[in-house]
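To start, the structure under review is shown below, and the notes come after it.
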Amino acid sequence: MEEVMNYTDLNIDKSNWKLVKFGDLVAEPKEICKDIIAESIEHVVGLEHIDSGDFHLRKSATIEESTTFTKKFRKGDVLFGRRRAYLKKAAQAEFDGICSGDITVLRAKKELLSELLPFIVHNEKFFDYAIKHSAGGLSPRVKFKDLANYEFLLPPKAEQARLAELLWVMDEVIEREREVLERLKKKLKAFIWQIFTSHIDHDLDKKPLKCKSLFQTFWEEREFPVGWLTIKLSDVISDFQNGFAEGQRDDNGIPQLRMNNVTREGRIDLEKVAMIPFRINIERYLIEVDDVLFCNTNSEDLVGKSILATDEIVGFTFSNHFTRLRANKNIITQKFLYLWLKFHFDIGLFERLCTKWIGQAAVQSESLLRLQIIVPSLKEQEYAGEYSKKIEDSIINVESKILTSRNLQKSLINQIF
């Protein structure tokens with residue numbers, strides 16, 4: 001890592017580098033799979049399996065899933081998403097397989113180290129070139145023959161090896177950070193699962209009582225310690241408010257929380273915020289710290305995602321795609337209410353509970369309020385909130401490290417190429 005940091009302070013001498021065309025160093029193989037079974041194909045890759053900005057191909061489908069793909073790729077090839085190049089999808093394969101026609105297979109020729117190819121492709125100049133030369137309306141595509149004309153400076157083979165080693169060291173740093181992040185996410189998910197499937201306090205020496213809960217649409221018997229409650233959600237909510245639709249914009253108005261401002265993981269994303277005109281009685285719709293915002297309308301797989309409001313959205317209004325929930329603090333904490341909603345979103349309750357129509361789904365207020373919620377003592381709820389927050393804070397810290405590392409990596413790539 002120190003070597004990488006030091007390298008960024010150096011001026012790269014490119015006096016002996018030569019100007020080349022992408023097509024002189026990279027080929028587009030035209031290999032076709034005629035028989036998936038006979039050729040022992042195991043991996044099928046579509047555009048959805050390539051993550052934007054990621055060098056690694058981490059996902060694929062199996063041959064058990066129906067496919068019409070026939071284009072072959074080999075381990076070490078770079079799979080470039082030629083459709084909608086602005087999504088910046090390009091990943092190096094770590095296995096052989098077949099892929100979509102919307103993916104261009106790139107293979108390094110002998111003059112170029114294959115280890116360097118992913119970084120050349122992930123240069124901002126390359127993506128800009130691909131976007132500029134894409135053709136089409138709603139779904140623009142770029143052809144390899146156009147990519148082949150992209151020009152860049154190529155270092156000698158010995159320098160290629162040194163640069164490739166440097167860049168992959170940086171990538172290893174990011175991968176280690178990603179592993180830590182994944183462990184933390186699993187730890188958080190396991191803890192939240194534990195809350196709603198078993199006792200929080202394993203030392204409770206009390207006779208459990210049997211009761212039925214909406215755990216969740218399964219109506220299975222559960223056992224809880226004496227003192228725990230299973231009551232309707234409506235009985236723990238002190239304030240229930242749906243948001244409002246607003247089609248007008250006003251740059252000097254009030255920010256409004258919308259579907260795109262909440263991630264699947266329950267995080268706030270303020271990259272794009274709608275500013276709306278001031279309206280009478282707006283105070284009723286202003287968000288306060290620790291408000292729970294439940295996404296009542298979205299796509300089928302995202303309906304029911306929720307957030308716990310932080311300082312960054314205090315004073316926002318919220319659209320009619322959200323329902324604001326404020327709990328009776330004598331019975332339940334806001335954090336515990338959020339964790340309960342998050343758990344049931346993760347296990348797919350709201351996807352099964354929602355009303356569906358073309359392109360959208362909604363959880364009706366009546367259906368939400370009828371759900372039964374498991375309520376332990378306030379002391380146990382507070383413990384659950386504090387423990388989960390420690391993990392969440394660690395996740396945020398690691399994500400910040402990854403972002404810093406990726407920005408450094410991007411800076412290196414752009415500096416070199």
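On a predicted model such as this, the values are computed, not experimentally measured, just so you know.
By the neighbour-count criterion of 12 heavy atoms within 6.0 Å, atom NZ of K109 is densely surrounded, having more than that number from other residues, nucleotides or ligands. Within 6.0 Å of the CD atom in E42, the count of heavy atoms belonging to other residues, nucleotides or ligands does not exceed 12. The local environment of CD in E312 is crowded, with over 12 non-hydrogen atoms from other residues, nucleotides or ligands closer than 6.0 Å. Other residues, nucleotides and ligands contribute over 12 non-hydrogen atoms within 6.0 Å of the NZ atom of K356.
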- Task: Walk me through it: do D102 and R141 pass the test salt bridge (charged side-chain N to carboxylate O under 4.0 Å, His left out)?
- Result: CA-CA 8 Å; D102 285 325; R141 291 170 171 81; 2.8 Å; yes
- Message: Apply side chain to side chain contact (heavy atoms under 4.5 Å, CB included) to residues E399 and R267 and explain how you reach the verdict.
- Response: CA-CA 12 Å; E399 286 177 337; R267 303 286 288 278; 2.6 Å; yes
- Carefully, step by step, assess F417 and L116 under the rule side chain to side chain contact (heavy atoms under 4.5 Å, CB included). CA-CA 11 Å; F417 298 110; L116 208 57; 3.8 Å; yes
- Test L181 against E177 for side chain to side chain contact (heavy atoms under 4.5 Å, CB included), laying out the working first. CA-CA 6 Å; L181 179 62; E177 291 169 344; over 6 Å; no
- Steps toward side chain to side chain donor-acceptor pair (under 3.5 Å) verdict (S367, Q364): CA-CA 5 Å; S367 299; Q364 304 300 324; over 6 Å; no
- Evaluate side chain to side chain contact (heavy atoms under 4.5 Å, CB included) for N123 paired with N414, printing each intermediate quantity in order. CA-CA 6 Å; N123 176 15; N414 293 337; 3.0 Å; yes
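The two residues G81 and L47 make their nearest non-hydrogen contact at CA-CD2, 3.5 Å. Closest heavy-atom contact between I331 and Q381: O-NE2, 3.0 Å. In this structure, N261 and Q256 approach most closely via the heavy-atom pair OD1-O, 3.7 Å. Across every non-hydrogen atom of Q334 and D290, the tightest pair is NE2-O, 2.6 Å. For L339 against A384, the heavy-atom pair with the smallest separation is CD1-O, 4.2 Å. Pairing each heavy atom of A361 with each of V303, the nearest pair is O-CG2, 3.8 Å.
Once rounded to the nearest 0.5 Å, the distance linking CZ of R178 with CD1 of I402 reads 7.0 Å. Once rounded to the nearest 0.5 Å, the distance linking CG of D235 with CD of Q372 reads 9.5 Å. Here the straight-line distance linking atom CD of E39 with atom CG of D96 works out to 11.0 Å at 0.5 Å rounding. The distance from atom CG of L167 to atom CD1 of I416, rounded to the nearest 0.5 Å, is 4.5 Å. A distance of 9.0 Å separates CG of L308 from OG1 of T333, quoted to the nearest 0.5 Å.
Looking only at distances, no side-chain donor or acceptor of H133 sits under 3.5 Å from a matching main-chain atom of L147. A donor-acceptor pair under 3.5 Å links the side-chain atoms of S238 to the main chain of R326, judged by distance alone. When atom types are taken as modelled, the side chain of K305 and the backbone of M259 share a donor-acceptor pair closer than 3.5 angstrom. The backbone N or O of S299 sits nowhere less than 3.5 Å from a side-chain atom of Q360 that would complete a donor-acceptor pair. Using modelled atom types, one side-chain atom of S405 and one backbone atom of K401 make a donor-acceptor pair closer than 3.5 Å. Side-chain atoms of N260 come within 3.5 Å of backbone atoms of K272 as a donor-acceptor pair (strictly under, hydrogens ignored). Q160 contributes no side-chain N or O that, together with a main-chain N or O of S114, makes up a donor-acceptor pair within less than 3.5 Å. Checking side-chain atoms of S411 against main-chain N and O of N407 turns up no donor-acceptor pair under 3.5 Å. Using modelled atom types, no side-chain atom of E115 and backbone atom of E165 make a donor-acceptor pair closer than 3.5 Å.
By the ring-ring contact (aromatic ring centres under 6.0 Å, His included) test, F80 is found to be paired with F126, residues two or more places apart in sequence or in another chain being considered.
A salt bridge links K389 to D393: at least one charged side-chain nitrogen sits closer than 4.0 Å to a carboxylate oxygen. Looking at R324 and D239, a side-chain N of the basic residue comes within less than 4.0 Å of a carboxylate O on the acidic one, giving a salt bridge. Using a 4.0 Å cut-off between charged side-chain N and carboxylate O, R107 and D77 make a salt bridge. Using a 4.0 Å cut-off between a side-chain N of Lys or Arg and a carboxylate O of Asp or Glu, E265 and K185 do not qualify as a salt bridge. A salt bridge does not link K132 with D146: every distance from a Lys NZ or Arg NE/NH1/NH2 to an Asp or Glu carboxylate oxygen is 4.0 Å or more.
Under the side chain to side chain donor-acceptor pair (under 3.5 Å) test applied with D51, the options H56, K89, K59 reduce to a single match, K59.
In this structure, I98 and T70 have side chains that are not in contact, with every pair of non-hydrogen atoms separated by 4.5 Å or more. When side chains are defined from C-beta on, I373 counts as touching L337, because their heavy atoms get closer than 4.5 Å. At a threshold of 4.5 Å between non-hydrogen side-chain atoms, the residues K88 and E124 count as touching. Side-chain atoms of R83 and P140, non-hydrogen and from C-beta on, never get closer than 4.5 Å to each other. Residues R82 and F144 fail the side-chain proximity criterion, which asks for heavy atoms closer than 4.5 Å. Counting heavy atoms from C-beta on, the side chains of W340 and V236 never come closer than 4.5 Å. With contacts defined as side-chain heavy-atom distances shorter than 4.5 Å, the pair R258/I276 qualifies. Side-chain contact check for F322 versus V262: some heavy-atom pair is nearer than 4.5 Å.
Among residues at least two apart or in separate chains, ring-ring contact (aromatic ring centres under 6.0 Å, His included) pairs with a member in residues 276-320 are F244-Y285, F294-F350.
Residues F336 and F196 bring their aromatic ring centres within 6.0 Å.
Note on ring orientation: taking the six-membered ring where Trp is involved, the planes of F55 and F119 are tilted (angle from 30° to 60°).
N296 and T323 are linked by a side-chain donor-acceptor pair at a separation below 3.5 angstrom, with hydrogens and angles left out of the test.
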